[in-house]
Amino acid sequence: MPTLTVAAARRTALAAQGFAATRPSGPPTRRTLAKVLENTRLLQLDSVSAVVRAHYAPMFARIGAYDRALLDEFAWSHSAKRPRQLIEYWAHEAALLPVQDWPLMRWRMEQYRHGRWNGMRQVLERNPHLADDVKSVLKEFGPSTAGEVERHLELDRPRAKDHWGWNYSDTKVVCEALFAAGEVTVPKRVNFQRHYDLTESVIPADVLAREHDEADAVRELVRRAAAAHGVATETDLRDYYRLKRPQTEPAIADLLAAGELEQVRVEGWDKPAYLHHTARTPRRVTGSALLCPFDPLIFFRDRTERLFDFHYRIEIYTPEHKRVHGYYVFPFLLDGELVARVDLRAERGSGRLLVPGAFTESGRESARIAVELAAALREMAEWLELDTIEVGERGDLAAELRGAVASGVRV
């Protein structure tokens, strides 16, 4: 069985995610964004906007400053000349994925036919006709928020706390249930608020007509996950689309038999790994990137620790006095390794990119990291149209980073 060092596995993973590619020399185009999506296969969505919405950040990490309107166009607009490229669904949590991949999720939609969680099922049972009423409104009026649907139905429905404590109305819960079941989808967002519409009004007819049984669909999802990883364990492959072990193991066996995967050993890993047949292992990976907490390279924390020896936990839901590094922390990738992390906040009203804390990883050269990180922060601030960078006091890197930012030295 072939053996990879962790360093080789890390470079393989970075190349698979697009970090070994040369950044575009000019302004990124639609084609540039499409290439990133070929590598990541999906972009996780999240409501936190402390810096920038999560789905925008992975593009920036890979290609630098780009026009976010291009990604909005991919996901939430459609025309004959430029058809929709991305659609929302529950892939790796809520995510944008290629429209062509939507049929691969039908088995999950069937599982969610009666709701994703118990509280949702209770709302559906309490309102047996509301789902049909919602679909009737969408058929008549087109894309609508849950609030707009309620107004069309002249409803004042009770509100039920879900497991995150959001105070959703029954109508909103039913809209979400229909979304999970694949009966409605999200053709657009305004201020990140979902507008629902009937799926047949959004997904192209030829895509909608495609049928896959669960085994075939899961095999295809594992194939996509393996390409996005380069090299991965079964748990890595399982996590990318939130699959289950009884699903992934037969799929991996099929892909091994077909020669699309090769079983390898990675030094220090206690589980077998699988190398995708298109994976490449560059000799070096250079450059820098700020990675948001939901970047596909690092969103599975166990894999992040195995690949980078980097223990990372998001602390959004941790009480402030118990946080180790901060509220919304970006790991900093430099020449193929995670060398530091920074707590970031975009204060748009004052035009400031705030850095409350900055921390180096043990044994790293802080002077060079400070200069490289300052340059990355300047690029981010310019991309987000923020005028200044203010570095706080927390963390062992804070003082050097503050000096590098103030000096304005370019790399």
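No side-chain N or O of R238 forms a donor-acceptor pair with one of Q247 less than 3.5 Å apart. No side-chain donor-acceptor contact under 3.5 Å links K135 and Y196. For the residue pair S366/E400, the side-chain donor-acceptor check at 3.5 Å is satisfied.
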Report task. Would you check, one step at a time, whether the test salt bridge (Lys or Arg N to Asp or Glu O under 4.0 Å) holds for E176 with K172? Result -> CA-CA 6 Å; E176 286 295 303; K172 172 66 173 176; 3.5 Å; yes

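Aromatic ring pairs are classed by plane angle as parallel below 30°, tilted from 30° to 60° and perpendicular above 60°; the pair Y112 and Y89 is tilted. The aromatic rings of H55 and W76 sit perpendicular to each other, their planes meeting at more than 60°, with 30° as the lower class boundary. The aromatic rings of Y312 and F310 sit tilted, their planes meeting at an angle between 30° and 60°.
At distances below 3.5 Å, not a single donor-acceptor pair connects side-chain atoms of R345 with backbone N or O atoms of A50. A donor-acceptor pair under 3.5 Å is absent between the side-chain atoms of R245 and the main chain of E234, judged by distance alone.
S350 is linked by a side chain to side chain contact (heavy atoms under 4.5 Å, CB included) to E347, R352, counting only residues two or more places apart in sequence or in another chain. Remark: E220 engages L104, R223, R224 in a side chain to side chain contact (heavy atoms under 4.5 Å, CB included) (not counting sequence neighbours). Residues that satisfy the side chain to side chain contact (heavy atoms under 4.5 Å, CB included) test with T278, not counting sequence neighbours, are H276.
The one candidate from L354, L373, V342, V355 that meets the side chain to side chain contact (heavy atoms under 4.5 Å, CB included) condition with V391 is V355.
Other residues, nucleotides and ligands place no more than 12 heavy atoms under 6.0 Å from the CG atom of D309.
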